[in-house]
Amino acid sequence: MAPVGPRSGDAIFASVERVNAELFTLTYGAIVRQLLTDLEEVEEVNKQLDQMGHNIGVRLIDEFLAKSNVSRCVDFKETAEVIAKVGFKMFLGVSASVTNWDAEGTCCSIVLEDNPLVDFVELPDTCQGLYYCNILSGVIRGALEMVSMKTEVTWARDMLRGDDAFELQVKLVKKVPEEYPYKDDE
């Protein structure tokens with residue numbers, strides 16, 4: 001039997017069970033609103049959203065690898081492309097593009113063509129420091145951590161803050177060498 005090749009984000013998105021997009025968007029909005037009420041400081045809400053995303057990303061990478069049949073990426077550039085073309089399509093149903101690479105190939109921007117998390121959202125003046133979709137930066141950071149890449153993920157542009165696009169900047173801090181839990185003494 002021939003080996004199974006990698007599946008595109010569109011093919012995976014078409015085959016997975018989905019929830020209603022409006023329900024998803026409104027539920028996420030309710031979570032953000034509750035965090036604003038509980039934590040009161042916008043910067044604390046940003047940190048909490050990032051941490052929640054990190055926890056999701058740590059677990060989501062397993063599902064991604066199992067369903068996408070993507071082989072090990074050879075470098076950070078290929079990894080960023082897989083996140084943009086397969087990952088965002090698979091889990092959010094949106095496409096993204098990778099741009100603005102630095103000379104070393106360790107920093108890039110992922111620009112989302114659409115962002116379903118922000119449907120029905122307008123930030124009040126009291127929340128202007130809020131990165132409403134900060135959970136996405138945490139998801140990317142957590143998922144990459146599980147494949148031995150320590151990264152920093154920040155929002156470069158956010159349409160809720162008046163920018164013209166949703167753009168995440170992803171910077172590879174270091175590749176963590178894989179550690180095995182035991183040594184084979186034989």
I'd like to check Leu168 versus Ser109 (side-chain heavy atoms, cut-off strictly below 4.5 Å). Are they in contact?
no
Within residues 31-58 or reaching into it, pairs that qualify as ring pair (Phe, Tyr, Trp, His ring centres under 6.0 Å) - sequence neighbours excluded:
none
Mind checking ring-ring contact (aromatic ring centres under 6.0 Å, His included) for Phe88 and listing every partner two or more places apart, or none if nothing turns up?
none
Donor-acceptor under 3.5 Å (Asp163 side chain, Ala165 main chain)
no
Ignoring hydrogens and geometry, is there a side-chain-to-backbone donor-acceptor pair from Thr106 to Asp102 under 3.5 Å?
no
Hey, does the Lys NZ or Arg CZ of Arg161 hover above the aromatic six-ring of Tyr132, less than 6.0 Å from the centre and inside 45° of the axis?
no
Arg157 meets the side chain to side chain donor-acceptor pair (under 3.5 Å) criterion, sequence neighbours left out, with Asp164, Glu167
Sorted by chain and residue number, the side chain to side chain donor-acceptor pair (under 3.5 Å) partners of Asp114 (sequence neighbours excluded) come out as none
Within a reach of under 6.0 Å around CD of Glu41, are more than 12 heavy atoms found that belong to other residues, nucleotides or ligands?
no
Which residues satisfy the side chain to side chain donor-acceptor pair (under 3.5 Å) test with Ser137, sequence neighbours excluded?
Asp50, Asn134
Side chain to side chain contact (heavy atoms under 4.5 Å, CB included) between Val86 and Ser68, intermediate numbers included
CA-CA 8 Å; Val86 182; Ser68 69; 4.2 Å; yes
Are the side chains of Leu144 and Val147 in contact, using a 4.5 Å heavy-atom criterion?
yes
Quick check: is Val111 connected to Ile140 through a chain of hydrophobic side chains (ILVMFWY, heavy atoms under 4.5 Å apart)?
no
Starting from Leu123, can I reach Leu39 by hopping between I/L/V/M/F/W/Y residues whose side chains sit under 4.5 Å apart?
yes
In terms of heavy-atom contacts, Pro116 and Thr25 come closest through O-OG1, 2.8 Å
Asp75-Thr79 side chain donor-acceptor pair, cut-off 3.5 Å
no
Report the residues that fulfil salt bridge (charged side-chain N to carboxylate O under 4.0 Å, His left out) with Lys47, sequence neighbours left out, ordered by chain and then residue number.
Glu44
Minimum heavy-atom distance Ser97-Lys85, with the two atoms named
CA-NZ, 3.8 Å
Glu78 side chain to Val74 main-chain N or O, any donor-acceptor pair under 3.5 Å?
yes
